[in-house]
Amino acid sequence: MRLYATVAAGGFRRYATYRVATAAGVFTNSVFGLVLSSTYIALWDERPHLGGYSVDDALAYVWIGQALLTVCGLMGGGFEEELIERIRTGDIAVDLYRPADLQAWWFSANAGRAAFQLLGRGVAPMLIGALVFGFTLPSGPGGWAAFLLAVALGSVVGFALWYLVAMSAFWLLDGQGVMQVAWLAGLFFSGMLLPLNVFPGTLGEVARMLPWASLLQVPADVYLGRYEGRELAGAYAFQACWALVLLAAGRAAQALATRKVVVQGG
């Protein structure tokens, strides 16, 4: 455990060194937040309480999305390109022979990255949105704690999704195609463009059942207090189940990849 804690701390420090990139990210997230907020205001003026949200709820949703963009990996996990490159060059063979679990290693590094991104690129856009527009806030410390737990579970699901994307490079050699598909899926099915509650009929029901809903829609609804008691426990269970399923799938892919490397090496 000490090894993986050290890896997580290293992941945090690694991203903390890129201060200019962090500032640029805050600026970009804030600009997109301003654009989306204006769009949402116009849309909610025409359709009040769309998706069951007030305009203040909708604005909160926008800025939560900007805050969690990198934390939960809505459009990229921040590590998959590096891992794919190691697979492509064959350096991954060294990683697989190390006395450390590959998935746990990258999970720890990503946990450190996500923690920094939450502080470095998550808090500032939320503050900017609150100052410019004002929006719904959680009701007390308990609401914030519930939200942060949902964010943590969403980050785990995001890691598991992008780890599977990276593992595909063992068989496809170039993971760019899978990355593009995952990027588009994350953009659409996480609710980044519009809340999934707005999606009509069967499309909305299916979208809310997919793992990408864990990355933004569920944390946002927890933040807005739409879950209480058993419903809140059910929301956490939804995220946790997807995390377990996807992590298990990633471990199975890792086992197959290890066997492939051993056979080729032998």
- Query: Any chance OH of Tyr227 has more than 12 other-residue heavy atoms, nucleotides or ligands included, within less than 6.0 Å?
  - Reply: yes
- Heavy atoms of other groups near Phe107 CZ, more than 12 under 6.0 Å: no
Just verifying a value: how many Å separate [X] [atom1] and [Y] [atom2], rounded to the nearest 0.5 Å?
X: Ser38; Y: Leu43; atom1: OG; atom2: CG; value: 12.5 Å
X: Ile92; Y: Phe170; atom1: CD1; atom2: CZ; value: 5.0 Å
X: Leu164; Y: Arg251; atom1: CG; atom2: CZ; value: 12.0 Å
X: Thr70; Y: Leu118; atom1: OG1; atom2: CG; value: 8.5 Å
X: Tyr223; Y: Leu216; atom1: OH; atom2: CG; value: 12.5 Å
X: Phe159; Y: Trp106; atom1: CZ; atom2: CH2; value: 9.0 Å

Spell out, as yes or no, whether a donor-acceptor pair under 3.5 Å connects the side chain of [X] to the backbone of [Y].
X: Gln239; Y: Ser214; value: yes
X: Gln217; Y: Arg208; value: no
X: Gln254; Y: Gln103; value: yes
X: Trp242; Y: Met209; value: yes
X: Arg121; Y: Asn29; value: no
X: Tyr236; Y: Leu153; value: no
X: Arg113; Y: Arg14; value: no
X: Ser30; Y: Val26; value: yes

Looking only at heavy atoms, what is the nearest atom pair of [X] and [Y], with distance?
X: Tyr4; Y: Ser108; answer: CB-OG, 3.1 Å
X: Ala100; Y: Leu3; answer: CB-CD2, 3.8 Å
X: Val165; Y: Ala182; answer: CG2-CB, 3.7 Å
X: Ala213; Y: Ala207; answer: CB-O, 3.8 Å
X: Tyr53; Y: Pro195; answer: CE1-CB, 3.5 Å
X: Val178; Y: Ser168; answer: CG2-OG, 3.7 Å

In the structure I gave you, are the side-chain heavy atoms of [X] and [Y] within less than 4.5 Å of one another anywhere?
X: Asp45; Y: Ile41; result: yes
X: Val156; Y: Leu247; result: yes
X: Tyr163; Y: Leu102; result: yes
X: Phe188; Y: Leu210; result: no
X: Phe135; Y: Leu137; result: yes
X: Trp105; Y: Asp95; result: no
X: Tyr61; Y: Leu194; result: no
X: Met192; Y: Leu69; result: yes

Any chain of hydrophobic side-chain contacts (each under 4.5 Å) joining [X] to [Y]?
X: Val31; Y: Val132; result: no
X: Leu224; Y: Trp144; result: yes
X: Phe189; Y: Leu187; result: yes
X: Leu161; Y: Leu244; result: no
X: Val71; Y: Val123; result: no

- Item | From CA spacing to verdict: side-chain contact (heavy atoms from CB on, under 4.5 Å), Arg47, Val198 | CA-CA 11 Å; Arg47 297 284 302 277; Val198 175; over 6 Å; no
- Task: List the steps and the verdict of side-chain contact (heavy atoms from CB on, under 4.5 Å) for Leu68 and Leu215.
- Result: CA-CA 8 Å; Leu68 300 187; Leu215 310 185; over 6 Å; no
- side chain to side chain donor-acceptor pair (under 3.5 Å) involving Thr6 - partner list, sequence neighbours excluded: none
- Task: May I have the step-by-step check of side-chain contact (heavy atoms from CB on, under 4.5 Å) for Leu196 and Trp212, ending in yes or no?
- Result: CA-CA 10 Å; Leu196 301 182; Trp212 290 279; over 6 Å; no
- The side chain to side chain contact (heavy atoms under 4.5 Å, CB included) partners of Ser37 (sequence neighbours excluded) come to Leu59, Val62, Trp63, Phe133
- Query: Judged by modelled atom types alone, do Asp56 and Thr136 share a side-chain donor-acceptor pair under 3.5 Å?
  - Reply: no
- Query: Parallel, tilted or perpendicular: which fits the ring planes of Trp44 and Tyr40, with parallel below 30° and perpendicular above 60°?
  - Reply: parallel
